[in-house]
There are 2 protein chains.
Amino acid sequence: MTPKTRAARTTVKIVDVAKAANVSPAIVSRILSNDAKLVVRDDTRQRVQEAIEALGYTPNPQARGLRLSRSNTLAMIVPEINSPVFPVIIQGAQRAAWEHGYSLLVGGMGGEEEDPQVAGRLLRSNRIDGLLVTTGRHEEQMLQELATLNAPFVLVNRYLDEDHPYVALDERGAAAAITRHLTELGHRRIAFLGGLQRRVGERRVAGYADALAEAGLPWAPELVVEAGYYKHGGESGLRQLLALDDPPTAVLATNEIVAAGAMAVAHAEGIRIPKDMSLASFSDGMVAELLSPSLTAVRFPLERVGYEATTMLVAIVEGRSLPQTRISLPHDEVILRHSTGAAPRRRRARP
Amino acid sequence: MTPKTRAARTTVKIVDVAKAANVSPAIVSRILSNDAKLVVRDDTRQRVQEAIEALGYTPNPQARGLRLSRSNTLAMIVPEINSPVFPVIIQGAQRAAWEHGYSLLVGGMGGEEEDPQVAGRLLRSNRIDGLLVTTGRHEEQMLQELATLNAPFVLVNRYLDEDHPYVALDERGAAAAITRHLTELGHRRIAFLGGLQRRVGERRVAGYADALAEAGLPWAPELVVEAGYYKHGGESGLRQLLALDDPPTAVLATNEIVAAGAMAVAHAEGIRIPKDMSLASFSDGMVAELLSPSLTAVRFPLERVGYEATTMLVAIVEGRSLPQTRISLPHDEVILRHSTGAAPRRRRARP
DNA sequence: TTGAAAGCGCTAACAG
DNA sequence: CTGTTAGCGCTTTCAA
């Protein structure tokens with residue numbers, strides 16, 4: 001009847017501790033749960049602590065989970081793990097989870113299964129207590145599903161509206177900061193290269209516009225070019241810009257990948273960076289440092305995004321009240337590397 | 001007494017299914033466990049299946065885990081998640097885990113806690129059934145700890161000796177393949193730039209040597225330069241090579257990062273790639289495509305490494321016998337991009 | 001073929 | 001302050 005697994009035989013359980021400390025299991029349990037308003041005699045607590053130490057007791061999370069119908073496990077749904085940003089976010093989430101006594105499951109990168117289903121399955125079977133949602137796919141469905149399950153979740157590095165808890169980045173402020181760097185270098189024709197469709201794009205363009213306005217520069221629609229988020233977009237985008245009568249002297253790419261594309265075209269066309277043209281990336285990562293010239297970019301507290309989101313989720317799961325459930329973290333700083341420099345003198349007067 | 005959580009009230013349990021199907025919970029359990037040598041009347045099985053469907057029953061993993069002292073959870077210890085390779089491996093592991101009905105925990109990237117301890121703690125408390133070990137830190141301690149716990153584990157993309165199960169890459173073969181690409185282009189002075197200290201380095205150098213020998217080229221010790229695994233190593237390494245009387249016409253870097261460093265120096269020195277010098281990277285990843293010129297590199301089945309390792313681990317955990325527990329996967333192919341080309345004609349005769 | 005019942009390890013009501 | 005006890009949902013032995 002008793003499963004005769006290695007683990008089952010070896011494991012020290014709460015009664016063992018209780019016996020060793022000459023108390024009932026209930027006391028041990030109560031002490032373990034760290035209940036602030038619990039009253040125990042100091043020597044009792046002492047004895048129990050010692051027994052726990054001595055026996056190397058660790059509570060069995062399955063039993064506890066069964067009893068409390070909680071798993072102390074969170075899951076993070078990630079769309080594409082093969083990206084510069086997610087690993088760092090995961091790392092932060094992992095750290096926070098660990099600190100709060102939770103485990104972190106990473107899922108949803110299969111791409112094959114529908115995220116909402118995955119989430120639902122996990123939640124329904126009590127496998128997880130809460131969800132960190134970073135996905136863009138199936139956004140609406142997912143939220144609906146989560147709403148019907150009334151599952152605790154936090155949106156990570158992403159937000160939809162002010163109805164849902166999120167931890168995101170102040171992309172608008174960051175975009176303004178790096179654009180400002182370019183205006184301060186004397187650039188007056190600054191282009192934006194990146195995805196324009198989604199909300200992220202809109203916010204970045206808004207920040208870019210803020211900085212232009214601040215510097216008293218005119219808004220030039222031909223300088224804002226749809227370039228998506230991949231290398232190819234950066235390439236075609238820059239070509240489009242170079243074909244203009246009055247091409248930009250500085251280009252802000254939405255990420256390192258798009259910047260890399262732009263850089264490749266610049267190299268091919270014999271345009272020297274930063275001498276002939278400055279190039280900056282909106283977000284910093286592993287790649288920025290590796291390109292030559294290395295890319296000026298904005299550093300973001302990505303690890304902290306994961307960390308804060310997880311901390312928030314834990315609080316929600318545990319029913320604690322929260323000062324804030326909508327957080328936008330400011331960018332860390334603009335990292336100056338070698339791809340940006342003073343605006344070139346006007347190359348040719350228009351006839 | 002009953003915890004009045006939302007979940008606890010809503011959840012459909014095995015007795016509900018049993019009642020609906022007019023059988024005992026035991027039957028349902030047995031049918032669920034998919035026991036091949038189980039005998040039930042077909043109509044009974046039918047009724048049970050229908051009931052399960054109808055009620056949308058999912059077994060509670062906590063209860064099951066408590067009973068069986070298993071968690072159906074695996075953990076992967078990753079040293080630094082912020083690396084081009086790990087995310088892909090994780091993705092493969094995740095997929096395999098899911099397919100076998102396991103969850104995957106990702107841990108150990110904190111860097112702060114000692115991996116062996118983490119692993120031990122996880123295992124001891126029945127939290128996880130097996131471990132995927134990719135870490136290099138604390139290698140010896142870790143294995144000792146794992147050995148004493150007699151915990152099931154598989155080494156991923158890494159091996160120590162033939163005593164432990166592993167899924168790794170045939171790095172030697174891959175190194176030979178890409179070196180061969182360079183010899184076939186007519187290069188006769190080919191340098192190797194990378195970490196030489198660890199086993200990985202040794203194997204890559206061995207493959208490089210294989211291909212040189214194959215092509216009848218002499219072994220030139222001055223062409224094998226310690227460059228570690230980071231950008232800086234690539235920079236100083238290439239400088240060292242350029243200072244030689246007879247510098248190489250082709251350089252093989254151990255990874256994209258080192259290659260990026262070398263490329264930066266080449267650019268700075270006015271060396272045109274691939275016209276004056278070819279540059280190849282041992283391993284392919286996100287970065288290779290982004291550099292200009294883009295890097296010729298070897299593609300590895302990293303996703304498969306994660307997948308196979310996990311499949312192997314599941315088999316070990318479940319006590320199934322295995323055809324193989326030491327696997328080296330061959331490389332996928334050499335991806336030809338724009339950083340390699342025919343060897344230049346000898347630039348100057350030696351006086 | 002099927003069912004009854006015990007118990008995995010823990011927590012929380014309730015009673016001392 | 002501390003102990004007794006029931007039961008979370010599942011599996012499995014043993015009996016029918």
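Computed over heavy atoms, backbone and side chain alike; hydrogens, waters and symmetry mates excluded. Computed from a prediction, not measured in an experiment: that's the story for all the values here. Chain naming here is simple, since letters A, B, ... match the order of the sequence lines and numbering starts at 1 in each.
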Phosphate contact (D/dT12 OP1 or OP2) by B/R67 side-chain N/O below 4.0 Å: no
Position toward the 5' end of DNA chain D (nearest nucleotide), A/S24 or B/I27: A/S24
Nearest-Å distance for atom pair CG/P, residues A/L68 and D/dG9: 12 Å
Spacing between B/R70 atom CZ and D/dT11 atom P, to the nearest angstrom: 10 Å
Short side-chain to backbone donor-acceptor contact, B/T134 and B/I77, under 3.5 Å: yes
Length of the line joining B/R41:CZ and C/dT1:C1', which is rounded to integer Å: 7 Å
Gap between atoms CG and C1', on B/N60 and D/dT11 respectively (whole Å): 13 Å
Value rounded to 0.5 Å, distance of CD1 in B/I52 from CZ in B/R47: 12.5 Å
B/T44 side-chain N/O to C/dT2 phosphate OP1/OP2 under 4.0 Å: yes
Nearest-angstrom distance from the residue atom CD1 of B/I14 to P of D/dT12: 11 Å
Crowding at CG, B/D43 (>12 non-hydrogen neighbours, <6.0 Å): yes
Gap between atoms OH and P, on A/Y57 and C/dG9 respectively (whole Å): 10 Å
End-to-end axis angle, where each axis spans five pairs of the helix from C/dT1-D/dA16 to C/dG16-D/dC1, to 10°: 40°
Near-strand residues of residues 46-56 of chain B, defined as heavy-atom separation under 4.0 angstrom from DNA chain C: none
Protein-nucleotide distance (B/L66, atom CG; D/dT12, atom C1'), rounded to Å: 14 Å
Identify the pairs formed between an N or O of the protein and an N or O of nucleotides 14-16 of chain D at a distance under 3.5 Å, and give each distance.
none

Spacing of CZ belonging to B/R326 relative to CG belonging to B/L155, to within rounding of 0.5 Å: 9.5 Å
Donor-acceptor contact present, side-chain A/D129 to main-chain A/N72, <3.5 Å: yes
Nearest-Å distance for atom pair NZ/C1', residues A/K19 and D/dT2: 18 Å
Side-chain N,O (A/R64) to OP1/OP2 (C/dT11) below 4.0 Å: yes
Of A/A26 and B/R45, the one whose closest DNA chain C nucleotide lies more 5': B/R45
Nucleotide nearest B/V40 when distance is taken to its side chain, options C/dG3, C/dT2, C/dT11: C/dT2
